[in-house]
Amino acid sequence: MNLTPVLRAEALKVLTLRSLCGTLLALAVVTTAFSALAGSSDASDPDFDPLFTALSGVMPGQIAAIAFGALVVSSEYQGNGIRLSLAAVPQRGRWFAAKLAVIAVPALLVGLATALAALLAGRAGLGTAADGLTAGEQVRGVVGCGVYLMLMALFAAGLTTLFRSGVATLSTLIPFILVVSFVIGDAAGTAADFLPDKAGQIVLYRTHDGTLGPWAGLAVTALWAAAALLAGFWRLRRRDA
């Protein structure tokens, strides 16, 4: 079977599952709302970063991106739907590529639109405190935010394929991002820049004094996502449906 009909079939699955569309909507709403609230921050704080403040809604919003990637894959393992999918598309690599495409493209498009909305909402709240931001910094923040959300969705998709469970993925990633990553970050110093979430979030800052730069940080997150996807594909190839 050619890749085009496989892509069409996988896209139809995403469009017909309300929970998947709901996670993307939650991503947009939560990220924009929290960025708007963050706009009331005290700009006199010496650590104040107007770009990160305006885009800080991505911190809670990324949970929805992770949930989207996990749910797209885990839906296949409910009711043994994976057997039907692989019976229709015996080439597992082709099926997996199509699955990843229908995760990456919506996550990127929604992420970019959400980042722009969050930036505008955050800037509206910050007022003159955000006047120093250049056009280049804002473009980099919006594009980087969209790419980061896509990579986190793919990271979750890879882990879900490896674990064969969305619950296992969410119960691993969400506590890590919300709790463990902060604890490790405080204890490990600049080494924490290489964690999957912290590396990708460097692009959201106007300035950063760590080891990695904005795009290098996204590259590190991409490596984490690639490792998870390769591990998931290895499990998919070796284990019966």
Side-chain angles (χ1 to χ4, degrees), residues 1-31 61-115 143 145-174 196 200 221-241:
M1 182 181 293
N2 294 328
L3 182 60
T4 301
V6 182
L7 280 170
R8 188 179 299 115
E10 293 301 324
L12 186 61
K13 292 178 185 177
V14 172
L15 292 173
T16 53
L17 286 175
R18 294 181 180 179
S19 59
L20 298 180
C21 296
T23 55
L24 292 177
L25 178 61
L27 169 61
V29 172
V30 170
T31 301
Q62 66 182 324
I63 296 175
I66 291 170
F68 176 71
L71 289 173
V72 171
V73 176
S74 65
S75 62
E76 295 287 349
Y77 294 100
Q78 297 175 3
N80 291 320
I82 186 70
R83 295 184 179 180
L84 296 176
S85 296
L86 295 182
V89 189
Q91 301 89 350
R92 298 190 179 195
R94 185 170 300 174
W95 174 82
F96 194 51
K99 181 68 73 176
L100 297 183
V102 300
I103 293 172
V105 174
L108 177 61
L109 294 178
V110 173
L112 290 172
T114 298
V143 173
C145 184
V147 173
Y148 170 72
L149 291 171
M150 177 192 70
L151 290 174
M152 293 304 288
L154 289 174
F155 187 33
L159 290 181
T160 303
T161 310
L162 177 63
F163 298 150
R164 297 170 67 93
S165 168
V167 173
T169 297
L170 295 177
S171 61
T172 299
L173 270 185
I174 293 178
T221 302
L223 289 175
W224 279 94
L229 292 171
L230 287 173
F233 184 57
W234 173 82
R235 182 79 183 274
L236 179 68
R237 288 289 300 271
R238 290 184 59 87
R239 181 163 177 170
D240 292 337

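Each residue takes its place number in the sequence, starting with 1.
For V30, the side chain to side chain contact (heavy atoms under 4.5 Å, CB included) test picks out F34, P60, with sequence neighbours left out. Residues passing the ring pair (Phe, Tyr, Trp, His ring centres under 6.0 Å) test with F96 are F233, sequence neighbours excluded. Partners of T160 under the side-chain hydrogen bond (donor to acceptor under 3.5 Å, both in side chains) rule, at least two apart in sequence or in another chain, are T169. With sequence neighbours left out, the side chain to side chain contact (heavy atoms under 4.5 Å, CB included) criterion links A226 to no other residue.
S171 contributes a side-chain N or O that, together with a main-chain N or O of A168, makes up a donor-acceptor pair within less than 3.5 Å.
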Which donor-acceptor pairs under 3.5 Å do side chains of residues 62-74 form with protein atoms, sequence neighbours excluded?
| unit_1 | atom_1 | unit_2 | atom_2 | d |
| --- | --- | --- | --- | --- |
| Q62 | OE1 | Y148 | OH | 2.4 |
| Q62 | NE2 | M59 | O | 3.0 |
| S74 | OG | A70 | O | 3.0 |
| S74 | OG | L71 | O | 3.4 |

Mind listing the side-chain donor-acceptor pairs of residues 12-25 below 3.5 Å, one per line with the distance, residues two or more places apart or on another chain?
| unit_1 | atom_1 | unit_2 | atom_2 | d |
| --- | --- | --- | --- | --- |
| K13 | NZ | E10 | OE2 | 3.0 |
| K13 | NZ | E76 | OE2 | 2.7 |
| K13 | NZ | S85 | OG | 3.0 |
| T16 | OG1 | L12 | O | 2.8 |
| T16 | OG1 | K13 | O | 3.2 |
| T23 | OG1 | L20 | O | 2.6 |

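Atoms CG and CG, on L100 and L7 in that order, are 10.5 Å from each other to the nearest 0.5 Å. Note that the OG1 atom of T221 and the CG atom of L151 stand 6.5 Å from one another [nearest 0.5 Å]. One distance of note links CG of L154 with CG of L149; it measures 11.0 Å at 0.5 Å rounding. For the atom pair CG of L229 and CG of L236, the computed distance is 11.5 Å after rounding to the nearest 0.5 Å. The CZ atom of F163 sits 5.0 Å away from the OG1 atom of T172 when rounded to the nearest 0.5 Å. For the atom pair I82 CD1 and K99 NZ, the distance stands at 7.5 Å (nearest 0.5 Å).
Smallest separation of non-hydrogen atoms from A98 and L3: CB-CD1, 4.2 Å. Shortest non-hydrogen contact noted between A225 and F155 is CA-CD1, 3.9 Å.
For CH2 of W224, the number of neighbouring non-hydrogen atoms (other residues, nucleotides, ligands) closer than 6.0 Å is 12 at most.
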Subject >> Steps toward side chain to side chain contact (heavy atoms under 4.5 Å, CB included) verdict (T161, R235) >> reply: CA-CA 7 Å; T161 310; R235 182 79 183 274; 5.6 Å; no

